[in-house]
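Remarks on the structure that follows.
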Protein chains: 4
Amino acid sequence: MRAERKEREFNFRRAAILEQAEKIFSAKGYYNVTMAEIAEASGFAIGSLYQFFESKEDLYSSMILEKIDLMSAAIRQEVNAAKDVTGKIEALIAAQLQFVEKNADFFRIFLRGQSDALSETMTALNQKIIDGYFDNVMFIENILKAGIKCGVLRKVPTRDAASALFHLTRSVTIEWLLKPTKDSIVSKKDFIVDIFFNGVKNYDQ
Amino acid sequence: MRAERKEREFNFRRAAILEQAEKIFSAKGYYNVTMAEIAEASGFAIGSLYQFFESKEDLYSSMILEKIDLMSAAIRQEVNAAKDVTGKIEALIAAQLQFVEKNADFFRIFLRGQSDALSETMTALNQKIIDGYFDNVMFIENILKAGIKCGVLRKVPTRDAASALFHLTRSVTIEWLLKPTKDSIVSKKDFIVDIFFNGVKNYDQ
Amino acid sequence: MRAERKEREFNFRRAAILEQAEKIFSAKGYYNVTMAEIAEASGFAIGSLYQFFESKEDLYSSMILEKIDLMSAAIRQEVNAAKDVTGKIEALIAAQLQFVEKNADFFRIFLRGQSDALSETMTALNQKIIDGYFDNVMFIENILKAGIKCGVLRKVPTRDAASALFHLTRSVTIEWLLKPTKDSIVSKKDFIVDIFFNGVKNYDQ
Amino acid sequence: MRAERKEREFNFRRAAILEQAEKIFSAKGYYNVTMAEIAEASGFAIGSLYQFFESKEDLYSSMILEKIDLMSAAIRQEVNAAKDVTGKIEALIAAQLQFVEKNADFFRIFLRGQSDALSETMTALNQKIIDGYFDNVMFIENILKAGIKCGVLRKVPTRDAASALFHLTRSVTIEWLLKPTKDSIVSKKDFIVDIFFNGVKNYDQ
DNA sequence: GATGAATGAGCGTTCATTCAT
DNA sequence: GATGAATGAACGCTCATTCAT
């Protein structure tokens with residue numbers, strides 16, 4: 001059908017814009033990027049951007065929210081595929097790190113985005129990001145609760161521990177983004193698992 | 001002496017501006033704050049701000065860097081006062097949380113600032129923030145190294161573990177800033193220590 | 001014949017566009033109406049409008065000029081049908097008011113158009129409107145001249161008096177357009193005739 | 001006092017901008033004038049215009065409303081100075097014509113403005129213009145009522161007659177603005193008075 | 001030194017017009 | 001012929017910075 005092809009084309013172009021925008025926003029930050037720049041980079045005229053997005057803010061928000069959804073879906077799929085609690089946690093971390101590796105540009109933005117969430121502007125986006133963050137932590141929390149219930153984990157405050165695991169992974173992500181290294185970030189999974197499960201104390205002493 | 005009094009006056013006014021700027025930047029973010037707003041809030045004329053700071057960017061950078069220095073100094077003092085490794089780590093966490101509690105406004109900025117550090121603008125500030133971050137992690141790393149050497153901690157990759165501890169504390173900070181609560185954040189110290197030292201695994205099983 | 005049918009079709013569509021355009025321009029004014037809006041309202045594609053009109057300005061001008069011609073013709077016909085001067089003047093006023101009543105939307109534009117004629121843009125349109133205005137006033141003037149010649153009217157400056165009659169009618173039109181009323185505007189004819197013929201002075205005193 | 005001089009300066013500059021804007025708007029119409037043009041003509045920077053006016057619309061509205069107020073005041077003063085009804089009406093017409101002569105540029109705009117008042121944009125300005133128009137007509141109406149009461153005028157519908165007188169004057173104004181003539185428009189006063197009082201009918205026949 | 005009015009480059013956004021399909 | 005997505009010049013407006021007072 002004609003209309004179908006149209007829509008496919010539309011989505012294709014839209015995605016192309018978002019891809020370029022991601023790179024540029026990642027490098028320079030929301031306020032230092034102009035619509036003209038995005039147009040130039042994506043090979044469209046300035047006016048054309050407005051056929052795909054209502055405004056600069058809409059373009060930015062769309063890019064972030066859609067990527068977040070992708071990430072959420074990817075992670076949940078991996079986690080649900082795992083059977084026991086330990087496996088789920090490992091899958092969670094691995095999936096997160098994989099996503100980071102494949103979307104480094106986006107994460108540079110996303111990490112900023114979460115901080116921007118602390119300010120008053122772009123309220124809609126911020127609220128969605130915060131909601132997404134809480135969702136995420138709650139998702140982790142439920143895994144931990146299951147782990148405590150079945151005795152694999154000791155009784156720790158689940159909410160705090162979930163947040164801790166989330167930020168442990170984030171810590172590795174930030175280090176990786178800050179120091180250009182060729183090593184795959186996924187190799188850090190075992191370290192996170194080790195620290196999160198065992199802590200640093202030496203019991204052998 | 002006349003010149004001394006002048007300088008004291010100067011520093012006093014400068015600090016007053018930074019104090020107001022901190023509040024405003026915290027609430028609205030760098031790009032949504034105007035020099036006129038800062039002037040208004042601090043009771044100076046717009047032009048006067050330029051006697052204390054070269055530019056808006058300079059004002060912003062100065063505020064952040066000076067607060068970081070304060071925080072660094074405060075933390076190091078507390079840590080150095082502690083005697084053994086365990087005590088140093090507890091002191092480190094407690095000092096950081098205390099600083100967060102006393103400087104919530106600043107931390108809202110700082111968390112954003114660290115993310116901004118991932119982009120290309122404000123190079124000077126970003127580099128200094130990254131340097132400060134690395135300094136901080138290295139400082140923690142040295143404590144951990146000492147802990148491993150004396151057998152209190154098990155042999156974990158020190159750099160990664162230092163970063164992990166740093167971000168564990170950060171995780172608690174973000175949660176606290178995101179959800180307005182009247183509980184003191186310092187009370188979270190024991191949780192961080194517990195997780196970091198012991199992990200979440202249940203060894204009793 | 002084929003070509004004829006084509007032309008009929010063409011003119012039919014063209015008229016449909018003008019009809020919608022009249023409504024929209026009337027409500028929002030030339031500069032607040034977009035070609036997209038006119039296309040939408042008339043059920044054509046944007047590009048199709050350009051097969052009927054060279055430009056937005058051409059569309060606007062065409063609509064106005066054609067309506068003016070219609071009005072002129074209608075009025076002249078009515079006036080010529082009347083026999084004596086008094087009858088001609090009454091016919092003139094009545095015809096004008098009837099046209100206003102049937103073309104309220106257009107008159108909202110036309111009144112604006114006449115003022116636009118005082119500025120420098122849309123020179124072609126403006127010149128034609130001014131020409132039309134002068135034609136109109138001259139047409140009235142000739143009636144008045146005849147009236148003076150045959151002694152029905154006293155010796156007043158004909159040009160000024162013609163303009164006065166024109167604007168007297170206009171005054172009633174504006175009042176009627178400004179205050180939404182259900183009374184037919186045509187009922188005001190007698191008032192205009194009365195004032196124009198007799199003035200307001202009380203000779204009985 | 002310092003502040004006083006400041007304010008005088010401010011008002012002086014503001015008036016200078018309005019004066020230039022009047023000329024330009026008069027020649028090209030609201031939508032064909034750019035802020036850059038007004039800035040250029042008045043010798044200020046673009047940004048400076050915004051210290052005197054909130055927006056382009058505000059600049060335009062201010063210019064019109066302030067002139068209207070001036071005109072209203074001037075006319076009412078002249079009218080009130082006259083003693084009997086005939087004198088008041090003559091004063092009214094003379095004052096209006098004088099104002100037109102001194103403010104030709106403004107009237108080119110104002111005549112357009114009143115028509116714009118028939119569309120939906122610039123609601124606030126339009127409402128004020130319409131209000132002003134009604135005020136004006138009512139002011140005239142009261143004079144006519146007094147004239148009827150004291151028997152100088154015959155019993156005509158006062159509202160319609162007031163509007164008629166208003167537009168009679170307007171008719172002369174438009175003719176004068178449309179045809180560049182060196183004759184003073186004020187000389188047309190007697191014609192207006194004559195037509196309005198006596199009509200065109202020849203009673204001698 | 002202190003002021004804040006003046007500056008103008010630079011932004012996001014609109015929309016008449018074109019032209020490949 | 002009919003379409004409507006693509007275009008980009010042009011607009012109103014902001015705000016960091018300067019400098020005459």
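First the proteins, then the strands, lettered A, B, ... as listed; each starts at 1.
- In this structure, the CD1 atom of A:I17 is 10 Å from the P atom of F:dT7, given to the nearest Å.
- Distances shown here put a side-chain N or O of D:R13 below 4.0 Å from the OP1 or OP2 atom of E:dA6.
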How would DNA chain E look in dot-bracket form, 5' to 3', counting Watson-Crick and G-U wobble pairs with both distances under 3.5 Å and writing | for bases paired to another strand? .||||||||||||||||||||

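- Between D:S55 and D:Y50, the closest heavy-atom pair is CA-CE2, 4.0 Å.
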When the side chains of residues 14-24 of chain A are checked against the rest of the protein, which donor-acceptor pairs come out under 3.5 Å, sequence neighbours left out?
| residue | atom | partner | partner atom | Å |
| --- | --- | --- | --- | --- |
| A:R14 | NH1 | A:E66 | OE1 | 3.2 |
| A:R14 | NH1 | A:E66 | OE2 | 3.2 |
| A:R14 | NH2 | A:E66 | OE2 | 2.9 |
| A:E22 | OE1 | A:K67 | NZ | 2.7 |
| A:E22 | OE2 | A:K67 | NZ | 3.4 |
| A:E22 | OE2 | A:F106 | N | 3.2 |

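- With rounding to the nearest 0.5 angstrom, the CZ atom of C:F25 is 12.5 Å from the CG atom of C:D105.
- To the nearest angstrom, C1' of F:dG4 lies 16 Å from CD of A:E7.
- The structure places CG of A:N103 at 8.0 Å from CG of A:L70, a figure rounded to the nearest 0.5 Å.
- Along DNA chain F, the nucleotide closest to D:T34 and the one closest to B:V33 are compared, and the more 5′ of them pairs with D:T34.
- Remark: P of E:dA2 and NZ of B:K6 are 8 Å apart, rounded to the nearest angstrom.
- Rounding to whole angstrom units, NZ of residue A:K28 and P of E:dG10 are separated by 13 Å.
- For the pair D:M35 CE and F:dC11 C1', the computed distance is 11 Å after rounding to whole Å.
- One distance of note links OG of B:S62 with CD of B:E57; it measures 10.0 Å at 0.5 Å rounding.
- Residues B:Y31 and A:Y30 keep their aromatic ring centres 6.0 Å or farther apart.
- One atom, CD of D:E37, and another, C1' of E:dG8, lie 17 Å apart when rounded to the nearest Å.
- Shown for residues 40-55 of chain B: residues whose heavy atoms fall under 4.0 angstrom of DNA chain F, namely B:I46, B:Y50, B:S55.
- Here the P atom of nucleotide E:dA16 and the OH atom of C:Y60 are 14 Å apart, to the nearest Å.
- Residues C:F53 and C:Y60 keep their aromatic ring centres 6.0 Å or farther apart.
- Following rounding to the nearest Å, A:N32 (CG) and F:dA16 (P) show an atom-to-atom distance of 13 Å.
- Checking C:K6, C:R13, C:R5 one by one against C:E9, the salt bridge (Lys or Arg N to Asp or Glu O under 4.0 Å) holds for a single residue, C:R13.
- Summarising the geometry, atom CD belonging to D:Q51 is positioned 9.5 Å from atom CZ belonging to D:F44; distances are rounded to the nearest 0.5 Å.
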